[in-house]
Chemist: 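Pasting a structure here, questions to come.
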Amino acid sequence: MSLVKNYLSVLKTKNFASDDLNSKKIFLDYCISTNTAGFFWDRAPEELTTTLESHDFKESILYSKKRSLQHQHSLKSFLKLANKHDIDVCLLKGAYMSNFMYPDFSMRSMRDLDILVDEGDFLKIINIMLENGYSFLNSHEKKLAKFNFNYAHQAPILVDKFGVAVEIHHRLKMYSEINNSDYLVKNLIKNKKHKILFDLPVSIPDNNFAFIHCCHHAISKSRLNIGPIFLNDL
């Protein structure tokens with residue numbers, strides 16, 4: 001319980017709920033293991049300065065920053081490709097949060113890049129990616145000729161030459177529905193905002209539907225097992 005209290009307390013007030021040194025160490029170890037250490041870098045109470053210096057906290061931060069830089073490089077390359085072929089893409093989850101909601105993109109770790117496209121551009125962008133060095137994670141197919149839009153909400157996972165995974169979505173819900181009625185994605189696309197990232201045009205959700213999607217993903221898909229990143233995003 002002290003871990004939860006400490007996490008929420010530092011998240012809201014930058015102070016620890018418990019003064020016990022062991023509980024603070026547990027808190028730091030947990031931040032490292034859940035890839036949320038970067039969120040608290042330069043935000044921790046002054047009393048922990050010495051602890052941070054002697055802890056492997058910095059090593060974790062540096063590793064996280066390297067991964068974040070690689071994801072940003074891969075995202076920039078993807079946006080260049082989409083822009084070259086005049087395909088509007090909407091950033092989701094970490095790709096959106098790290099660049100538009102956090103003061104520093106490295107504060108929000110990612111495992112992959114989540115992208116939403118209109119159904120009409122779905123097969124087009126996937127095959128363009130396959131022609132430009134991307135490959136399916138679990139298949140050697142070089143082209144996606146057809147896709148059951150009523151069954152799956154995203155394409156098979158693609159990876160770039162650096163091994164960064166890209167998930168291309170045409171809707172957000174996992175399960176097939178009558179007439180494929182995903183009201184969340186319809187409203188998200190209808191209300192999306194147009195921004196510039198890396199000097200390239202890109203779309204992002206408005207704050208309202210970004211919040212709704214964040215909650216939907218944590219509750220409906222991850223069964224609230226998504227970890228503290230969800231709290232940080234909120």
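Index from 1, following the sequence. Remember, predicted model here, so these are calculated numbers, not experimental data.
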Chemist: Which heavy atom of Gly38 sits nearest to which heavy atom of Met107, and what is that distance?
Modeler: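 Answer, listing the atom of Gly38 first, then Met107: O-CG, 3.6 Å.
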Chemist: Quick one: salt bridge (Lys or Arg N to Asp or Glu O under 4.0 Å) partners of Asp121, sequence neighbours excluded?
Modeler: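 So Asp121 forms no salt bridge (Lys or Arg N to Asp or Glu O under 4.0 Å) with any residue.
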Chemist: Side chains of Leu8 and Leu231, heavy atoms from C-beta outward: is any pair under 4.5 Å?
Modeler: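 Contact flag for Leu8/Leu231 side chains = yes.
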Chemist: My understanding is that only residues two or more places apart in sequence, or in another chain, count here; which of them pass ring pair (Phe, Tyr, Trp, His ring centres under 6.0 Å) with His85?
Modeler: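 Once residues adjacent in sequence are excluded, His85 has no partner under the ring pair (Phe, Tyr, Trp, His ring centres under 6.0 Å) criterion.
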Chemist: Going hydrophobic residue to hydrophobic residue with side-chain gaps under 4.5 angstrom, can you get from Phe136 over to Val159?
Modeler: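 Phe136 does not cluster with Val159.
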Chemist: Within a radius of less than 6.0 Å around OH of Tyr63, do more than 12 heavy atoms belonging to other residues, nucleotides or ligands occur?
Modeler: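 Not buried by this count: 12 neighbours or fewer within 6.0 Å.
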Chemist: Mind checking what makes side chain to side chain donor-acceptor pair (under 3.5 Å) contact with Thr36, not counting sequence neighbours?
Modeler: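 Thr36 satisfies side chain to side chain donor-acceptor pair (under 3.5 Å) with Tyr7, Thr34 once adjacent residues are dropped.
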Chemist: Is there a path of hydrophobic side-chain contacts, each under 4.5 Å between heavy atoms of I/L/V/M/F/W/Y residues, joining Leu3 to Phe39?
Modeler: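 Yes; tracing contacts between hydrophobic side chains, which count when under 4.5 Å, links both residues.
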Chemist: Distance from His169 atom NE2 to Asp114 atom CG, nearest 0.5 Å?
Modeler: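 Going from NE2 on His169 over to CG on Asp114, the span is 4.0 Å.
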Chemist: Could you report the tightest heavy-atom contact between Ser109 and Ile229, atom names first, then the distance?
Modeler: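 Looking at all heavy atoms of both residues, the closest pair is OG-CD1, 3.5 Å.
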Chemist: Let me confirm one number: the OH-NZ distance from Tyr96 to Lys195, rounded to the nearest 0.5 Å.
Modeler: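 It comes to 9.0 Å.
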Chemist: Give, for atom CD of Gln154 and atom CG of Leu92, the distance between the pair rounded to the nearest 0.5 Å.
Modeler: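 It comes to 10.5 Å.
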Chemist: To check you understand the geometry: which heavy-atom pair defines the closest contact between Met110 and Ser98, and what is its length?
Modeler: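 Result for this residue pair: CE-OG, 3.8 Å.
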Chemist: Between His170 (side chain only) and Ala152 (backbone N and O only), is there a donor and an acceptor less than 3.5 Å apart?
Modeler: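 Between the backbone of Ala152 and the side chain of His170 there is a qualifying donor-acceptor contact (under 3.5 Å).
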Chemist: Can you tell me how far apart CD1 (Ile189) and SG (Cys90) are? Round to the nearest 0.5 Å.
Modeler: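 These two atoms lie 7.5 Å from each other.
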Chemist: Can you name the salt bridge (Lys or Arg N to Asp or Glu O under 4.0 Å) partners of Asp160, sequence neighbours left out?
Modeler: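 Asp160 satisfies salt bridge (Lys or Arg N to Asp or Glu O under 4.0 Å) with no residue once adjacent residues are dropped.
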Chemist: Mind checking what makes side chain to side chain donor-acceptor pair (under 3.5 Å) contact with Asp104, not counting sequence neighbours?
Modeler: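 Testing Asp104 for side chain to side chain donor-acceptor pair (under 3.5 Å), a comparison that skips the adjacent residues, returns Ser106.
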Chemist: Pick from Asn35, Asp233, Asn232: which one makes a side chain to side chain donor-acceptor pair (under 3.5 Å) with Arg108?
Modeler: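 Among Asn35, Asp233, Asn232, the one meeting side chain to side chain donor-acceptor pair (under 3.5 Å) with Arg108 is Asp233.
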Chemist: Can you check whether Ser18's main-chain N or O pairs, donor with acceptor, with Asn6's side chain at less than 3.5 Å?
Modeler: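 Yes: the side chain of Asn6 pairs with the backbone of Ser18.
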Chemist: Is Phe78 linked to Phe105 within one hydrophobic cluster, defined over Ile, Leu, Val, Met, Phe, Trp and Tyr using a side-chain heavy-atom separation of less than 4.5 Å?
Modeler: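 No, because Phe78 and Phe105 fall into different hydrophobic clusters, even though each may have its own neighbours under 4.5 Å.
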Chemist: Which residue pairs pass the side chain to side chain donor-acceptor pair (under 3.5 Å) test when at least one of the two sits in residues 122-149, sequence neighbours left out?
Modeler: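 Sorted result for residues 122-149: empty, none.
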Chemist: According to a 4.5 Å side-chain heavy-atom criterion applied to Ile, Leu, Val, Met, Phe, Trp and Tyr, with indirect links allowed, do Val4 and Phe40 form part of one hydrophobic cluster?
Modeler: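 Same cluster.
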Chemist: Identify the two heavy atoms, one from Phe149 and one from Arg171, that lie closest to each other, and give their separation to 0.1 Å.
Modeler: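 Where Phe149 meets Arg171 most closely, the heavy atoms are O-NE, 3.5 Å.
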Chemist: Report the C-alpha distance between Leu113 and Leu91 in whole Å, list the side-chain angles of each, state the deciding distance to 0.1 Å, and finish with yes or no for side-chain contact (heavy atoms from CB on, under 4.5 Å).
Modeler: CA-CA 8 Å; Leu113 302 176; Leu91 305 185; over 6 Å; no
Chemist: Rounded to the nearest 0.5 Å, how far does CG of Asn99 lie from NE2 of His71?
Modeler: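 If I round to the nearest 0.5 Å, the distance is 12.0 Å.
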Chemist: Of all the heavy-atom pairs spanning Pro228 and Tyr30, show the shortest one and how long it is.
Modeler: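 That would be CD-OH, 3.5 Å.
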Chemist: Does Phe198 share a hydrophobic cluster with Phe100, counting links as ILVMFWY side-chain heavy atoms below 4.5 Å and allowing steps through other members?
Modeler: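 Yes, because Phe198 and Phe100 connect within a single hydrophobic cluster, where side-chain heavy atoms sit under 4.5 Å apart.
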Chemist: Counting distance only, does the side-chain N/O of Asn83 pair as donor-acceptor with the main-chain N or O of Leu79 below 3.5 Å?
Modeler: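 Here the side-chain-to-backbone pair does not exist.
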Chemist: Around atom NZ of Lys80, are there more than 12 heavy atoms from other residues, nucleotides or ligands closer than 6.0 Å?
Modeler: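 Atom NZ in Lys80 is not packed in, count stays at 12 or less.
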Chemist: How far does OG of Ser33 sit from CD1 of Ile26, to the nearest 0.5 angstrom?
Modeler: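 Result: 11.5 Å between the selected atoms.
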